[in-house]
K.L.:
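Below are the structure tokens for one structure; questions will follow.
Just follow the structure's listing: the first ligand is 1, and inside any ligand the first atom is 1.
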Amino acid sequence: MSIGNPLNRKYTYTNQSLLFFVLIFIFTLHTESQNSDKKAPNIVFIMSDDHSVSSISAYKDWLAEVAPTPNIDRIANEGMLMNTTFNTNSICGPSRAAILTGKYAHVNGFYKNEGGGDFDGNQQTFPKILQQNGYQTAVIGKWHLGTIPTGFDYSKVMINHGGQGSYNNTVYLENGRDTIREKQRHSTEQVAHDAINWIQNKRDKDKPFMLMYQFKAPHRPWTPNRKFDSLFSDKDLPYPETFNDDYSGRLAASENMLEIENHMNRKDLKLTPPSGLSKKELNKWNRLGNNGEFWTPNDSLQGEDLKKWKYQRYIKDYLRCVAGVDESVGKMLDYLKENNLEENTIIVYTSDQGFYLGEHGWFDKRWMYEPSFRMPFMIKYPNNIKPGSVNNELLLNIDFAPTLLDLAGINTPEDMQGESFKNQLLNKEYKKRNAVYYHYYEYPFWHKVQPHYGVRTNRYKLIHYYYNMDEWELFDLSEDKNEINNLYAKEGFEEITKDLKAELIQLQVKYKDDMSLDEMRKMTDTRIKRIYNSKK
Ligand code: CA
């Protein structure tokens, strides 16, 4: 064979090409068969209630050293920690509805807890979509959306106290039918127990599963499991930098009714009532403080000392509740590992919103200020998310549904307003979000927080209180992380204010929240009775 013969050369080349394509074909077949063998991931979505980032040690915030959460931190250490995840309306029901639907409150219809009616369970939610795609789904623990859960093969949700549930003697509704009062365990332990029990004994093991299990803790009235009574009992805990905020330059904040000093009641701080009171009298005695009434546990405590005493009492109980949650999360992580479920299970830890642990002198949530606007969010998915990674992009609770669907290989329906951040999790290219939009409606109950909307970028935050005032606030978070220096209408900030207002309008149009201020006020004034309690 002559090398110089072009025909021969062509023949050899064609042979090589054929071999190459055959090899590619075999490789493709092999990969496809591998993919079809690959099981859809299980999802364990753990949510607590009112758990702030400052009380999760993975965030290395001001309580991290005194109150570590080693088990929750494991999720971040083995996966990704999100630093700037926000909710779209900082109260319980609305955040939960946004998570389920991937839509803002004004679109999914559940925008207030007080006088806001019940969640429309007929609408599209991500558990329903998972179910339609072969997943087995369950929800256990706090639900707080009024209507019976839909989209779940199994449900066991708290129904006493208007769906708030209680820390002890919690009443649950199982599968929308059976009422169960659990007397044996503190609610945190009960929820953890039921969650593991469902994975172990109640599910169809041939299907991938998605379990949402949701603690009442550390919600008000912060009643920990008695076994944590001695935790922190030997010391005072630190105070946040803004503990003695005077609210100057922030009119809406100055009208609040959520101060530790002035609006915590006797029940919140576990005072022992006098004996012999009727139920009505006892309720009245316990409630004293809600509306600013003065009380002191003894005559010697006044002023600054009294405020500090209330704070210590509050923060310790709150963190004891967190310790219970942390312990329960550890049990789940251990269970999944010991039962060979770790590798193919995505685990999320989050809370429906943040909470004030003395920042601005407050407890509770609602505001677009960072402590209540931020949500903890961490996620692990072995062999997919790099352990110990940190995400600093702007994310929202409406993104959770599209992201979890995306991770399960399911397309996001077009009407979901959130966006999948799967590519960020998998370290692939993604589109950056410039700003996030927020809207809170509930007023005056509870805590007299003015309805407001606003926009936050990586550096700035602009808030508008529009209900019965016309007040704007502008903060430069890079200079003023505690948001105490309102720069609105200050010299030198005209351009940035103009840009942020343009961004705000753009987001209102994008999310279909561009109604008139009168229409927005009407949403606050509309009272829709909850039907839930009358049904059960
Ligand atoms: Ca909550």
K.L.:
Between the Ca ion (ligand 1) and Asp50, which N, O or S atom of the residue is the nearest one?
P.N.:
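Of all N, O or S atoms belonging to Asp50, OD1 is the one nearest the Ca ion (ligand 1).
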K.L.:
Provide the atom name of the closest N, O or S atom of Asp49 relative to the Ca ion (ligand 1).
P.N.:
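That would be atom OD1.
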K.L.:
Working note: Tyr318 + Arg220, criterion side chain to side chain contact (heavy atoms under 4.5 Å, CB included); need CA distance, chi angles, decisive distance, verdict.
P.N.:
CA-CA 8 Å; Tyr318 178 95; Arg220 194 182 189 185; over 6 Å; no
K.L.:
Test of understanding: with side-chain hydrogen bond (donor to acceptor under 3.5 Å, both in side chains), list the residues that count as partners of Asp153, not counting sequence neighbours.
P.N.:
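Only Gln131, Thr137 meet the side-chain hydrogen bond (donor to acceptor under 3.5 Å, both in side chains) criterion with Asp153.
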K.L.:
Is it true that Tyr465 and His452 share a donor-acceptor pair across their side chains at a distance under 3.5 Å?
P.N.:
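Looking only at side-chain atoms, Tyr465 and His452 do not form any donor-acceptor pair under 3.5 Å.
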K.L.:
Quick one about Asn87 and Tyr440 (side-chain donor to acceptor, distance below 3.5 Å, no hydrogens or angles considered), yes or no?
P.N.:
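No, Asn87 and Tyr440 have no side-chain donor paired with an acceptor closer than 3.5 Å.
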K.L.:
How is the N/O/S atom of Asp352 that comes nearest to the Ca ion (ligand 1) named?
P.N.:
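The closest N, O or S atom of Asp352 to the Ca ion (ligand 1) is OD2.
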K.L.:
Could you tell me whether the Ca ion (ligand 1) has an N, O or S atom of Ser351 under 3.0 Å away?
P.N.:
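Here the distance criterion (N, O or S atom, under 3.0 Å) is not met by Ser351, so no.
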